[in-house]
Undergrad: 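One structure is given below, represented as structure tokens, and several questions about it will come after.
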Amino acid sequence: MSKNALPKRSENYSEWYNDLVKRADLAENSAVRGCMVIKPYGYSIWEKMQRALDDMFKATGHTNAYFPLFVPKSFLEKEEGHAEGFAKECAVVTHYRLKANPDKKGGLMVDPESKLEEELIVRPTSEAVIWSTYKNWVQSYRDLPILVNQWANVVRWEMRTRLFLRTTEFLWQEGHTAHATADEAIAETKQMLDVYATFAETYMAVPVIRGVKTANERFAGAEDTYCIEAMMQDGKALQAGTSHFLGQNFAKAFDVQFSNRENQLEHVWGTSWGVSTRLMGALVMAHSDDNGLVLPPKLAPIQVVVVPIYKTDEQLAAISEKVAEIQKALAIKGISVKFDAREGMTPGFKFADWELRGVPVRLALGERDLAGGTIEVSRRDKERGEEGAKTVQPIEGIAEYVETLLADIQANIYQKALTFREANTVRVDSYDEFKTIMARDESRGDGSVGKFVLAHWDGTSETETKIKEETKATIRCIPLVGQFDSATEEGTCIYSGKPSKQRVLFALAY
RNA sequence: CGGACUGUAGCGCAGCCCGGUAGCGCACUACUUUGGGGUAGUAGAGGCCGUGGGUUCAAAUCCCGCCAGUCCGACCA
């Protein structure tokens, strides 16, 4: 463990992020270009995310299945928009065998004899494989809906990668559903967007904006892409989840038809929706501070850590005995506790260490406490020295106190993130002002943050593209009704001056 | 794929200009010390100096090639 402090968020946000992910033992770069190793501590958080999401999927009627890693090239070609969207970032399997390299002792080479008849694409997403399968599953309206989810890895050959935010291989879940009517499919699309938003807000404590993507930003092959967008602490937007209404595009491409009640053939209606290990990045960037991670209690692998403070073995024994009682009381409440009895480390070192790892509550127990029947309680959501960051509580009833405190921390970090987002969301009516705001983020290092900008847009791709070229800002989404008070007011486009029906959300994005 | 930079101990780096026995900090091992906010000391272990070639009595250091990585652009969950 290095003694050196993390870089400060205000000085170099991306360096702070990279360093934190590595130092907190979430993940590290692997020997494979663009691919990360998710370390046990990081993976524990992902598992908690998975469990919560999976329960929510099950509760909404979905079941899990598994489809192949490989997609025959001809499958990917079938849906034109889809093929175009993903073609540039696919890993392709062309051979199935290696052999000894005659030119290099001990070396291997691709056996040219083993060339595949048809190339296999490592899935960048599974619509193609899954819809080719659904064709066999659907004959009648009685076979619908199909409500399937898959937990899997996918590969997208990105030019530049960053731990969790964009890696060549990433873990995710992808739901793929098939329905008899468009209305039902649209309802499913919206339902899953709600599931994602609920998850982000109640588990991750990350407030999100629900919206619809513009045509430019839409998923390749979808009719409509719904999304949740979150603000990171540098003011940039992170797309945290997407839910797509696929219309009949894939059903037509893969010839998936069913007989309706009137015995007429119809193409089925589809949806797909996914969230990925990118959520880990969102979690880090939304809450953590210059001392390390700040994890929401609902996702923290360790919710409470107990640090003993002692000089002699006798003291440690007495403390350990008391800690065992506390641990038991917390365990009954389903709270995970770690007793950090590591020897040869000072309490100060341990404090810093657990702060770096984002453990929500830290208890410190020493001689003084034992004598007075008290225990020191520190909450990670407040910074060192901040009012209320550290208090002394009676040991009696500490489990109840901690239980309440964890709930309070969960609520507090959500509120902090929400307050931050609201403070950095602005309505803008002139393009000059817009450019100034978007340019500010270019010169990070002065502690300034980017903004979410609600502005009028004329609805054309041309305008959207121009604005992106000139400012790098993109339309994150057209917010759903009810997200912002005046979002549905009419106005004129900041760029073209043409009429606009509502404000859309612009931001610089990850 | 274009531009810049970097490859030396597990990690972070110095040494290179000016060639001559491989260094520092952290981490690691043992012992001691310390312990209510990153203790301190003693001893120790750990290196094909990215890789291939060249120049030289001698190369981490100079020259050429290659490979890898990071950052900045174009692409994206």
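So that the names make sense, note that chain A is the first sequence line, chain B the second, and so on, each numbered from 1.
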Undergrad: So, A/His82 versus A/Trp131, ring centres under 6.0 angstrom or not?
TA: no
Undergrad: Please state whether the phosphate of B/G73, meaning OP1 or OP2, lies under 4.0 angstrom from any side-chain nitrogen or oxygen of A/Lys472.
TA: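 Yes, such a contact exists.
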Undergrad: For the aromatic rings, using the six-membered ring if either is Trp, is the centroid distance between A/Phe219 and A/Phe86 under 6.0 Å?
TA: yes
Undergrad: How long is the line joining CG of A/Asn29 and C1' of B/U6, in whole Å?
TA: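 Rounded to whole Å, this separation is 15 Å.
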Undergrad: Where the side chain of A/Pro347 is concerned, which of B/G36, B/C75, B/G37 is the nearest nucleotide?
TA: B/G36
Undergrad: Per the atom types in the model, does the base of B/G36 pair as donor or acceptor with the side chain of A/Glu367 at under 3.5 Å?
TA: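 Answer no: no donor N or O sits under 3.5 Å from an acceptor.
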Undergrad: A/Asn291 and A/Glu355: side-chain donor and acceptor closer than 3.5 Å?
TA: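 Side-chain D/A pair, A/Asn291 to A/Glu355: absent.
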Undergrad: State which residues pass side chain to side chain contact (heavy atoms under 4.5 Å, CB included) with A/Ala230; sequence neighbours excluded, sorted by chain then number.
TA: A/Val206, A/Val208, A/Met232
Undergrad: Heavy atoms from C-beta onward define the side chain here; which of B/C71, B/G37, B/A77 lies closest to that of A/Asn18?
TA: B/C71
Undergrad: Output the single nucleotide from B/G37, B/A77, B/G38 whose closest atom is nearest the side chain of A/Phe170.
TA: B/A77
Undergrad: How many whole angstroms separate atom CZ of A/Arg23 from atom C1' of B/C26?
TA: 11 Å
Undergrad: Any base atoms under 4.0 Å from A/Thr346, or only sugar-phosphate, or nothing? Heavy atoms, all strands.
TA: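 It contacts base atoms.
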Undergrad: Rounded to whole angstrom units, what separation is found between the NZ atom of A/Lys22 and the P atom of B/A27?
TA: 20 Å
Undergrad: To the nearest angstrom, how far is A/Leu356 atom CG from B/G37 atom C1'?
TA: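 It is 14 Å, rounded to the nearest whole Å.
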Undergrad: Should the pair A/Arg362 and A/Phe351 be classed as cation-pi, given the thresholds of under 6.0 Å to the six-membered ring centre and 45° from the axis?
TA: yes
Undergrad: For the side chain of A/Lys390, starting at C-beta, report the closest nucleotide among B/A77, B/G36, B/G37.
TA: B/G37
Undergrad: Taking the side chain of A/Glu158 as its heavy atoms from C-beta onward, which of B/G37, B/G38, B/A77 lies nearest to it?
TA: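 When the side chain of A/Glu158 is considered, B/A77 is the closest of B/G37, B/G38, B/A77.
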Undergrad: Expected output is a numbered-order residue list: members of residues 300-316 of chain A with a heavy atom under 4.0 Å from any atom of RNA chain B. What is it?
TA: A/Ile309, A/Tyr310, A/Lys311
Undergrad: If you take the centroid of each ring, where Trp contributes its six-membered ring, are A/Trp46 and A/Phe164 closer together than 6.0 Å?
TA: no
Undergrad: Classify the nucleic acid contact of A/Leu238 as base, sugar-phosphate or nothing, counting any heavy atom under 4.0 Å across all strands shown.
TA: nothing
